[in-house]
Amino acid sequence: MNQKRNYQKELETVIQKEQKEGRTPKLLLHSCCAPCSSYVLEYLSPFFAITDFFYNPNISPKEEYQKREEELKRLIDEMPMKNKPVFLAGEYHPEEFYQLAKGLEDVPEGKERCFLCYRMRLEEAAKMAVEKNCDYFATTLTISPLKNAQKLNEIGEELCRETKVAWLPSDFKKKNGYKRSTELSKEYGMYRQDYCGCVFSMREREEQKARIEQEILQNNGI
């Protein structure tokens, strides 16, 4: 049996190596939203020159997409960082997400549909990393307890071999990363959504809330 990899330790090794060599490498960081990005930017900005790339055609509706984009820009503007990231917005074409999700609409959150969504976003991040001549690319998605960090790292490593841009391994929820992101969200009054972003995760979340409400009513004899 293969030993489970510690992506946080691998990340620390990369940072230590770059610091020892006196470098501040260029990082293309795919960001899904401001709350998830907050801790990641706080953690990585002392060590990397970051281009923060907001590319998430899975997010629906468009008003939700715009709200998350504006919150991320506000966070970058307001949060003090040693190396201030550069914000970069990708194009918003939700039809690309619906195309890849065809036939997988009823697959539970966290399964094959999500894996395809991971790949779609990371492929664009890797492409942008090449275009911006970055040394590394990464994603904030691994901070979420609901995201599969192993799958995200596997996809990143595959794209690294294709593009020759180094993948920065991560599991940002480690070292209380997720907890810190909730603290920063409160500190900056950030909008925190209660679903991943796509219409399918929204539907699943609404169904879950309805079940909880029904259980509360039943428990109270209503």
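Quick note: residue numbers are just sequence positions, from 1. Being a predicted model, the structure only gives us computed values, none of them experimental. Keep in mind that the numbers below use all heavy atoms, side chains included, and drop hydrogens, waters and symmetry copies.
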- [ ] Applying ring-ring contact (aromatic ring centres under 6.0 Å, His included), run through Trp167 and Phe137 and close with a yes or a no.
- [x] CA-CA 5 Å; Trp167 168 252; Phe137 72 107; 5.0 Å; yes
Task: Worked check of side chain to side chain contact (heavy atoms under 4.5 Å, CB included) between Ile50 and Leu44 - done: CA-CA 8 Å; Ile50 300 173; Leu44 295 182; 3.9 Å; yes
- [ ] Could you give me the CA-CA distance, side-chain angles and deciding distance for Val40 and Ile143, then say whether side chain to side chain contact (heavy atoms under 4.5 Å, CB included) is met?
- [x] CA-CA 8 Å; Val40 179; Ile143 198 170; 4.2 Å; yes
Task: Working for side chain to side chain contact (heavy atoms under 4.5 Å, CB included), residues Cys33 and Gln193 - done: CA-CA 9 Å; Cys33 62; Gln193 61 283 351; 3.3 Å; yes
Task: Verdict with reasoning, Lys26 to Thr51, per side chain to side chain contact (heavy atoms under 4.5 Å, CB included) - done: CA-CA 8 Å; Lys26 294 171 65 177; Thr51 296; 6.0 Å; no
TODO: Begin from the C-alpha positions of Asn56 and Arg68 and carry the test side-chain hydrogen bond (donor to acceptor under 3.5 Å, both in side chains) through to its verdict.
DONE: CA-CA 10 Å; Asn56 303 285; Arg68 296 191 195 191; over 6 Å; no
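For Tyr43 and Phe48, the ring centers sit 6.0 Å or farther from each other.
When the options Ser170, Ser31, Pro35 are evaluated for a side-chain contact (heavy atoms from CB on, under 4.5 Å) with Thr140, the one that passes is Ser31. For the pairing with Asp52, the side-chain contact (heavy atoms from CB on, under 4.5 Å) check across Leu72, Val86, Leu27 returns one residue only, Leu72.
Classification of Glu183 and Arg180 as a salt-bridged pair holds, one side-chain N sitting under 4.0 Å from a carboxylate O. A salt bridge links Arg5 and Glu157; the closest N-O separation between the charged side-chain nitrogens and carboxylate oxygens is under 4.0 Å.
Residues Lys164 and Arg161 come closest through the heavy atom pair NZ-O, 3.2 Å. Counting all heavy atoms, side chain and backbone alike, His30 lies closest to Thr139 at ND1-OG1, 2.8 Å. Minimum heavy-atom separation, Ser60 to Met202: O-CE, 3.7 Å. Among all heavy-atom pairs drawn from Arg203 and Glu105, the shortest one is NH2-O, 2.8 Å. In terms of heavy atoms, Pro169 sits closest to Leu11 at O-CB, 3.2 Å. Scanning all heavy atoms of the two residues, the minimum distance from Gly189 to Glu71 falls at O-OE2, 4.1 Å.
Of the inter-residue distances, the one linking Glu10 atom CD with Glu12 atom CD reads 10.5 Å to the nearest 0.5 angstrom. To the nearest 0.5 Å, the span separating CZ on Phe47 from NZ on Lys82 amounts to 8.0 Å. For the atom pair CD of Glu70 and CZ of Arg74, the computed distance is 10.5 Å after rounding to the nearest 0.5 Å. Separation of atoms CE (Met128) and CZ (Phe53) is listed at 4.0 Å; rounding is to 0.5 Å. Considering CD of Gln99 and CG of Leu116, their distance stands at 11.5 Å, rounded to 0.5 Å.
Linking Ile, Leu, Val, Met, Phe, Trp and Tyr whenever their side-chain heavy atoms come within less than 4.5 Å leaves Ile76 and Tyr55 in two separate clusters. Clustering ILVMFWY residues whenever any of their side-chain heavy atoms sit less than 4.5 angstrom apart, transitively, puts Met120 in the very cluster that holds Leu104. Under the 4.5 Å side-chain heavy-atom criterion for grouping Ile, Leu, Val, Met, Phe, Trp and Tyr, Ile59 is connected to Met190 within one hydrophobic cluster. By the criterion of side-chain heavy atoms lying less than 4.5 angstrom apart, applied directly or through intervening Ile, Leu, Val, Met, Phe, Trp or Tyr residues, Tyr136 is not grouped with Leu88; the two fall into different hydrophobic clusters. Both Tyr188 and Met81 belong to a single network of hydrophobic side chains, linked directly or stepwise wherever heavy atoms of I, L, V, M, F, W or Y lie under 4.5 Å apart.
Of the N and O atoms on the side chains of Asn83 and Ser45, not one donor lies less than 3.5 Å from an acceptor on the other residue. Counted by atom type alone, Ser181 and Ser38 present zero donor-acceptor pairs between their side chains at under 3.5 Å.
Using a 30° and 60° split on the angle between ring planes, Tyr39 and Phe172 fall in the perpendicular class, above 60°.
The cationic atom of Lys67 (NZ for Lys, CZ for Arg) lies less than 6.0 Å from the six-membered ring centre of Tyr191 and within 45° of the ring axis. A cation-pi arrangement is absent between Lys173 and Tyr178 under the rule of less than 6.0 angstrom and at most 45 degrees off the ring axis.
Enclosure of atom NZ in Lys132 is not indicated, since only 12 or fewer non-hydrogen atoms of other residues, nucleotides or ligands lie within 6.0 angstrom. Within a 6.0 Å radius of CD in Glu91, no more than 12 heavy atoms belonging to other residues, nucleotides or ligands are found. Heavy atoms from other residues, nucleotides or ligands lying under 6.0 Å from NZ of Lys127 number 12 at most.
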